[in-house]
Amino acid sequence: MKKFERYPVSLTNSLSGKKEVFKSINPGFIGMYVCGPTVYNNVHLGNVRTFLTFDIVSRYFRFLDYKVRYVRNITDVGHLENDADEGEDKIAKKARLEQLEPMEVVKHYTEGFHEVMRQFNIFPPSIEPSATGHIVEQIEITKNLLDKGLAYESNGSVYFNVRKYNQDHHYGILSGRNIEELMESGRELDNQDEKREKIDFALWKKASPYHIMRWPSPWGEGFPGWHLECTVMSTKYLGETFDIHGGGMDLKFPHHECEIAQGTAATGKTPVNYWLHSNMLTVNGQKMSKSLGNSFLPSELFAGTHSLLDRGYGPMAVRFFMLQSHYSSTLDFSNEALQAAEKGYKKLINAVGLIKMMDHSGKATTNAAVDAELSRLVKECYRTMSDDFNTAKTLAVLFEMSSRINDIKSGAIQLTTLSPETFTDFKNTFLGFVEQVLGLKEEQEQNDEILIGTIGLLIDLRKKAKTDKNFSLSDKIRDDLKKLGVQIKDGKDGEMTYSFD
RNA sequence: GGUCUCGUGGCCGAGUGGCUAGGCUGAGCUCUGCAAAAGCUCCUACAGCGGUUCGAAUCCGCUCGAGACCUCCA
């Protein structure tokens, strides 16, 4: 029996607004698409939260023995700046401002994005396609929609006819909007607008003479519209109907709504079975966003250079911080919360170090109550994660487990009272959930032989000093090392361990 | 204005009809030469008002407050 059969996953499907039991199209396989970053600027912490959410999702599915194909795109063209720019896209605008080739901008920020993902221990997706690599497919789907009469050409641009689509389908199925209200609210059409209705959206945009990112098409030189790339790349790599589509809440409308419309119109099939949306990271209760000017760059966070921060925090502490809340809730970002998270993270990771050094001798006089309790905790990890990827609850269980690990270390629980099977299961589950599922690891792995040797030597000297009751020397070694960021921990029987702050 | 979400103890944050979330902070104790680490104990909350129910933080209604989307945004 596969793990995913034993611990079926429930998730909140934005399409129904309800928690549903997840069932993949092909048993044992999952296709997941997530809207990636627009690489015209540095990613900020809010962006990181979303990618972290889906990192957890893919990690957990894999942990449950699913084979996951995770596609996350790079948007390197196509998101329109605004209408005042006559449809100039973000990459092109940035390129002109910096006197760079568009692809130079793209390359630069893509590298930066990847670096940030590495720092947060967020796994790369299986496929990371880029919009510019799929221009041909985007033109094809536009032709397809024109042939079906669900799109129209206007002055070298092509728009999706929302009203027409809505005759046979439901535009607004995801965001709960109705088309009539959308027609009434919002911006008016101005007379030089090419759209027939203001809710229509661009599939292909004609390039103005100064627009530097452009491709030939049946409608003249231009570039693809806002939402098309995701439809094209998701269906190309995952099929016309696939399991999961993820992204930030703020993409729900119009982006994902348009994807559903385009995809459904083009293939006649429902593109996605489960939509997952992660909520926003907030600062003082307000959404962290570039346009509001309250965004934090990961580098500012690590270095502690942001004005709202007292000091820097490591990426793993931040990762832990984000995992303490559920992905569907907003999470408020503050100095105090970060400090608390850092301490909690250290406590947890300390237990990881401890249990790694523990082994069961194989001999046991089992205490049924203790044994059952540890088995319960093992199951609880799966149960909480399978309940809509509840990382907050899972962390609570892992903290209970770490208490038990400390009990074993202090002797409050004797390893011999546990059956070897229970202990092995407990150890593997604890380590598996902390490291593989939640992706938490020691902040910096110390592989420096000289450093480790030196600390070992100092510990030996301190032990000697203590045996000689030379406490001033033993305290000096401990305190001076502490100042350097090495924490000595005295155990029973004069044993000493250490950790890096 | 329209649509929607949320309001939990000193702080951060799960939960969602009856049973201790958890982390951080604070206080006390155990261990220790002293600390640190670890353990134990204590601090019992669900915006307000009304309703449903044997029973509600959890369901319903209203009020107040905060936020998101409706324009690019993870």
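The model shown is predicted, which means the values in this text are computed figures rather than measured ones. Within every chain, numbering begins at 1; the chains are lettered A, B, ... in the order of the sequence lines, protein sequences first and strands thereafter.
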* To do: Rounded to whole angstrom, note down the P distance from B:C12 over to B:C46.
  => 15 Å
* Nearest nucleotide by nearest heavy atom, which residue falls closer to the 5' end of RNA chain B, A:F253 or A:N279? -> A:F253
* Asked: Could you give the CD-to-C1' distance, from A:E181 to B:C4, as a whole number of Å?
  -> 12 Å
* Which one is paired to B:G33, where only Watson-Crick or G-U wobble pairs with both distances under 3.5 angstrom count? -> none
* Across the strands shown, which category fits A:M249 at heavy-atom distances under 4.0 angstrom: base, sugar-phosphate, nothing? -> nothing
* Consider the side chain of A:N47, meaning its heavy atoms from C-beta on, and name the nucleotide among B:A21, B:U16, B:C73 that approaches it most closely. => B:C73
* Expressed as a whole number of Å, how far does the P atom of B:U53 sit from that of B:C60? -> 16 Å
* Asked: Under 4.0 angstrom, heavy atoms only, what part of the nucleic acid is A:G46 near: base, sugar-phosphate, or nothing?
  -> base
* To do: Determine the contact category for A:L281: base if any of its heavy atoms lies under 4.0 Å from a base atom, sugar-phosphate if only primed atoms, P, OP1 or OP2 are that close, otherwise nothing.
  => base
* Asked: When the P atoms of B:C43 and B:G23 are considered, how many whole Å apart are they?
  -> 16 Å
* Asked: Over how many whole Å does the gap from A:Q339 atom CD to B:G23 atom P extend?
  -> 18 Å
* Asked: Base, sugar-phosphate alone, or nothing: which one does A:K287 contact when heavy atoms must sit under 4.0 Å apart?
  -> base
* **Separation of B:G7 C1' from A:N284 CG (nearest whole Å)** => 17 Å
* Asked: Can you name the one residue among A:L301, A:N294, A:T282 that meets side chain to side chain contact (heavy atoms under 4.5 Å, CB included) with A:F333?
  -> A:L301
* **Modelled atom types, side-chain donor and acceptor of A:S325 and A:R49, under 3.5 Å** => yes
* Asked: If you check the A:F51 side chain, which of B:A21, B:U16, B:A74 turns out closest?
  -> B:A74
* Asked: Which value, in whole Å, describes the distance between the C1' atoms of nucleotides B:A21 and B:U8?
  -> 12 Å
* Asked: Does the side chain of A:N178 get closer than 4.0 angstrom to OP1 or OP2 of B:U3 through an N or O atom?
  -> no
* Rounded off to whole Å, could you give me the CD-to-P distance for the A:E342 and B:G23 pair? => 17 Å
* Gap in Å between the two P atoms, one belonging to B:C49 and one to B:A27, rounded -> 34 Å
* Asked: Contact class for A:A337 (heavy atom, under 4.0 Å): base, sugar-phosphate, or nothing?
  -> sugar-phosphate
* **A:Q262 and A:T231: side chain donor to acceptor below 3.5 Å** => yes
* Do the numbers put A:K290 on top of the ring of A:Y40, so that NZ or CZ is under 6.0 Å from the six-membered ring centre and no more than 45° off the axis? -> yes
* Asked: Going by atom types alone, do A:N279 and A:S328 pair a side-chain donor with an acceptor below 3.5 Å?
  -> no
* Scan every strand shown for a Watson-Crick or G-U wobble partner of B:C69, both distances under 3.5 Å, and answer none if you come up empty. => B:G2
* Asked: Is the A:F433 ring parallel, tilted or perpendicular to the A:Y60 ring (thresholds 30°, 60°)?
  -> tilted
* To do: Identify the nucleotide, in any strand shown, that forms a Watson-Crick or G-U wobble pair with B:A21, with both distances under 3.5 Å; if there is none, say none.
  => none
* To do: Pick base, sugar-phosphate or nothing for A:D332, based on heavy-atom distances below 4.0 Å to the nucleic acid.
  => sugar-phosphate
* To do: Please measure how far the P atom in B:G13 lies from the corresponding atom in B:C29, and state the result in whole Å.
  => 33 Å
* Asked: Is A:S175 near enough to B:C4 that one of its side-chain N or O atoms lies under 4.0 angstrom from OP1 or OP2?
  -> no
* Structure fact -> Closest to the 5' end of RNA chain B, once A:E400 and A:L292 are matched to their nearest nucleotides, is A:E400
* Asked: Paired with B:G7: which nucleotide, if any, by Watson-Crick or G-U wobble criteria at under 3.5 Å for both distances?
  -> B:C64
* Nearest non-hydrogen partners of A:L431 and A:V352, listed with the distance -> CD2-CG1, 3.7 Å
* In the strands shown, is B:A57 matched to any nucleotide by a Watson-Crick or G-U wobble pair with both distances under 3.5 Å, and which? -> none
* To do: Look at the rings of A:F120 and A:F302 and say which category their plane angle falls in: under 30° parallel, 30 to 60° tilted, over 60° perpendicular.
  => tilted
* Minimum-distance nucleotide (side-chain atoms of A:L251 versus B:C73, B:C11, B:G15) -> B:C73
* To do: Figure out the CG/P separation between A:D89 and B:C73, and round it to whole Å.
  => 12 Å
* Do the numbers put A:R404 on top of the ring of A:F426, so that NZ or CZ is under 6.0 Å from the six-membered ring centre and no more than 45° off the axis? -> no
* What distance, rounded to whole Å, do you find between the two C1' atoms, one in B:G9 and one in B:A47? -> 14 Å
* Asked: Taking the side chain of A:Q286 as heavy atoms from C-beta outward, which of B:U25, B:G67, B:C73 is closest to it?
  -> B:G67
* Using Watson-Crick or G-U wobble geometry with both distances below 3.5 Å, tell me the partner of B:C42, or none. => B:G26
* Could you state the CD1-P distance from A:I74 to B:A74, rounded to the nearest angstrom? -> 11 Å
* Do nucleotides 32-43 of chain B as a string where each nucleotide becomes B, S or -: B if the base has a protein heavy atom under 4.0 Å, S if just the sugar-phosphate does, - if no protein is that close. => -BBBBSSSS---
* **Same-atom distance (P) from B:C19 to B:A57, integer angstrom** => 10 Å
* To do: Starting from the C-alpha separation in whole Å, work towards a yes-or-no answer on side-chain contact (heavy atoms from CB on, under 4.5 Å) for A:R72 and A:Y33.
  => CA-CA 6 Å; A:R72 188 185 63 206; A:Y33 186 89; over 6 Å; no
